[in-house]
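To start, the structure under review is shown below, and the notes come after it.
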Amino acid sequence: MRRACITAVGAYAPEKVVTNDDLSKIMDTNDAWIQERTMIQERRKSAPGETTSKLCIPAAQRALDKRGMDPKDLDMIIVATVTPDMIFPNTANLVQAALGAKNAGAMDVIAACPGFLYALSSGAAFIQSGIHNRVLVIGGDDMTSIVDFTDRSTAVIFGDGAGAFLLEADTEGYGIHDILLGSDGEKGDYLNMPGGGSLNPPSHETVDARMHYIKMDGREVYKYGIRKFVGIVEEICSRNELDPVDDIGCHLFHQANGRMIESIGSRLGLDPAKAPINITKYGNTTDGTIGLLTNDALNDGLINDGDWVLMSSFGAGFAWGSILTKWKG
Ligand code: UT7
């Protein structure tokens with residue numbers, strides 16, 4: 001059977017490190033509160049002019065370099081983001097131009113935190129169907145461009161970064177075996193950015209009302225998220241006759257909150273070593289988390305050839321996804 005296989009991974013985070021102590025100088029917060037509630041110690045912040053495409057381009061280039069692939073051989077570039085450089089043209093087009101991927105189509109996917117898994121699913125479908133042979137899937141967000149630094153309950157958790165997966169066809173049993181995607185649109189009010197779209201087009205009033213920033217009911221998102229993460233892991237494992245504890249070599253969870261991941265892990269009975277956490281150093285980079293985490297997990301030797309790897313995410317929408325892959329490499 002022809003499957004989409006992740007054949008290279010790249011990641012990029014901006015240079016500037018913002019510690020919890022740095023934040024405590026501009027808002028009423030402190031290192032102890034942030035670490036106790038989220039595990040975050042620091043996050044990265046983009047430089048002026050370092051837009052989402054500028055985060056995605058080095059992540060993409062690193063993945064291509066690892067595989068030694070010429071960008072002209074790419075058939076499609078998909079970028080998952082909630083912070084596009086502009087509404088249009090899409091961010092994938094900007095990446096396509098910068099890479100010189102002259103033979104590739106380009107499109108963006110907006111599905112908030114699980115957007116990277118929605119983009120990965122789309123890329124996998126292009127490959128599994130035989131429409132394309134080489135697809136670059138990138139998740140990247142410049143979250144500090146939409147964070148309200150007067151709202152301490154959201155400002156402390158987000159950071160900037162990007163990750164990229166190169167997908168190619170495989171017929172030897174490796175690659176993406178199953179995809180679970182879902183949503184509950186009735187919960188959209190719990191996490192959104194109300195301004196800037198056709199509902200609330202930009203105006204002096206929307207700017208004055210701070211509508212171009214993230215609004216989140218963190219408690220509700222946290223509670224619903226934990227139940228959903230546990231549910232989707234159990235469901236995708238059960239329908240593939242795999243045990244989440246014994247059979248999955250590595251669980252790659254969207255990094256929304258380290259305490260949330262600990263709680264999901266303990267409900268599932270996972271060995272913490274199989275559910276790595278790197279939110280400590282990046283914060284929540286929305287579409288960037290799973291690429292950054294995969295890159296770190298590979299560097300730390302947590303993912304090996306033939307392992308079952310399960311990527312799971314949940315976020316605004318609400319929307320969620322879980323992707324089961326047999327790792328090659
Ligand atoms: O990736 C997208 C999906 N997003 C998520 O999954 C996020 C899920 N939610 C969370 O991670 C947590 O809800 C947060 C970390 C965002 C917030 O933690 P919380 O325990 O839910 O805090 P809270 O908003 O309920 O606030 C508890 C208290 C409040 O004080 P009082 O009213 O009890 O006196 C807040 O004012 O903590 C206060 N607080 C802070 N204190 C110091 C809120 N933010 C801060 C802060 N520093 N940064």
Side-chain angles (χ1 to χ4, degrees), residues 18-43 80-83 110-119 139-144 146-163 182-185 187-193 213-233 252-265 267 275 277-280 282-293 311-322:
V18 178
T19 65
N20 294 341
D21 285 339
D22 292 333
L23 288 179
S24 72
K25 290 179 191 133
I26 56 167
M27 66 183 76
D28 182 14
T29 190
N30 57 77
D31 179 55
W33 190 97
I34 299 171
Q35 287 213 47
E36 191 187 311
R37 303 281 176 132
T38 70
M39 291 177 80
I40 298 167
Q41 295 169 3
E42 58 189 41
R43 71 287 295 141
T81 186
V82 294
T83 52
I110 300 182
C113 299
F116 182 65
L117 296 189
Y118 275 76
D141 271 305
D142 182 19
M143 294 306 289
T144 58
I146 58 166
V147 156
D148 185 349
F149 283 97
T150 67
D151 173 8
R152 65 179 180 171
S153 66
T154 56
V156 300
I157 64 175
F158 291 103
D160 304 332
S183 67
D184 179 356
K187 304 288 190 301
D189 288 343
Y190 288 121
L191 176 52
N192 61 23
M193 190 180 88
Y213 293 120
I214 301 165
K215 313 284 176 200
M216 179 169 75
D217 180 338
R219 274 278 154 93
E220 287 302 321
V221 179
Y222 192 98
K223 279 191 294 186
Y224 193 110
I226 286 183
R227 286 198 305 272
K228 188 50 74 179
F229 268 113
V230 171
I232 58 178
V233 168
L252 298 170
F253 289 111
H254 165 54
Q255 304 284 297
N257 180 324
R259 301 299 170 204
M260 214 169 160
I261 296 167
E262 282 184 334
S263 173
I264 296 159
R267 282 169 200 228
I277 292 175
N278 71 353
I279 194 170
T280 44
Y282 296 123
N284 177 353
T285 56
T286 302
D287 285 293
T289 61
I290 289 185
L292 283 162
L293 184 66
M311 303 173 193
S312 303
S313 187
F314 168 86
F318 290 146
W320 52 84
S322 202

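For the single chain, residues carry numbers from 1 onward in sequence order. In listed order, ligands and their atoms are each counted from 1.
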Which of the atoms of ligand 1 are close to Met260, meaning less than 4.0 Å from one of its heavy atoms? 6 (O)
Quick one: pull up CG in Asp21 and CD in Glu42 and give me the separation to the nearest 0.5 Å. 11.0 Å
Under 3.5 Å between any N/O of Gly218 and any N/O of ligand 1: does that happen in this structure? yes
Option set Pro114, Ala32, Cys113, Ala112, criterion heavy-atom distance to atom 2 (C) of ligand 1, minimum: Cys113
Starting from atom 24 (O) of ligand 1, locate the nearest protein heavy atom and write down its residue, its atom name and how far away it is, to 0.1 Å. Ser153 CB, 4.3 Å
Considering heavy atoms of the protein only, find what lies nearest to atom 15 (C) of ligand 1 and give residue, atom and distance to 0.1 Å. Thr38 CG2, 3.6 Å
What residue among Thr280, Asn20, Asp22 forms side chain to side chain donor-acceptor pair (under 3.5 Å) with Arg43? Asn20
Pairing donors with acceptors under 3.5 angstrom, does anything connect the side chains of Thr81 and Asp141? yes
Give me the nearest non-hydrogen protein atom to atom 30 (O) of ligand 1 as residue plus atom name, then the distance to 0.1 Å. Arg152 NH2, 4.3 Å
Hey, what do you get for CE (Met311) to OG (Ser322), rounding to the nearest 0.5 Å? 10.0 Å
Strictly by modelled atom types, are Asp142 and Thr83 linked by a side-chain donor-acceptor pair under 3.5 Å? no
Between Met27 and ligand 1, find which residue part has any heavy-atom pair under 4.0 Å and reply side chain, backbone, both or neither. neither
Using a strict 4.0 Å cut-off to heavy atoms of Ala256, name the atoms of ligand 1 that fall inside it. 1 (O), 5 (C), 6 (O)
Could you check whether atom 19 (P) of ligand 1 has a protein contact, counting only heavy atoms that fall below 4.0 angstrom? yes
Where ligand 1 meets Val221 - atom numbers and elements under 4.0 angstrom, heavy-atom basis: 3 (C), 4 (N), 5 (C), 6 (O)
Min side-chain heavy-atom separation Asn257-Ile157 under 4.5 Å: no
With heavy atoms under 4.0 Å as the rule, classify the contact between Thr29 and ligand 1 as side chain, backbone, both or neither. both
Do the side chain of Asp287 and the main chain of Gly140 share a donor and acceptor less than 3.5 angstrom apart? no
May I ask you to decide if Asp28's main-chain N or O and Arg152's side chain share a donor-acceptor pair within less than 3.5 Å? yes
Flag atom 8 (C) of ligand 1 as yes if some protein heavy-atom distance to it falls below 4.0 Å, otherwise no. yes
Nearest 0.5 Å, what's the CD1-CZ distance between Ile264 and Phe229? 5.0 Å
So the atoms of ligand 1 within less than 4.0 Å of a heavy atom of Val156 turn out to be 48 (N)
For atom 4 (N) of ligand 1, is the nearest protein heavy atom under 4.0 Å away? yes
Side chains of Ile261 and Gln255: does their closest heavy-atom pair fall under 4.5 Å? yes
Of the backbone atoms (N, CA, C, O) and the side-chain heavy atoms from C-beta on, which set of His254 has a member under 4.0 Å from an atom of ligand 1: side chain, backbone, both, or neither? side chain
Report the nearest protein non-hydrogen atom to atom 22 (O) of ligand 1: residue, atom name, distance rounded to 0.1 Å. Arg37 NH1, 3.6 Å
What protein heavy atom sits nearest atom 21 (O) of ligand 1, and how far away is it? Arg219 NE, 3.2 Å
Parallel, tilted or perpendicular: which one describes the rings of Tyr190 and Phe318, with boundaries at 30° and 60°? parallel
Look at atom 11 (O) of ligand 1 and say which protein heavy atom is nearest, naming residue and atom and giving the distance to 0.1 Å. Asn257 ND2, 2.8 Å
How far does CG of Leu117 sit from OG of Ser313, to the nearest 0.5 angstrom? 5.0 Å
Under 3.5 Å between some N or O of ligand 1 and some N or O of Trp33? yes
Which residue owns the protein heavy atom closest to atom 1 (O) of ligand 1, what's the atom, and how far is it? Asn284 ND2, 2.7 Å
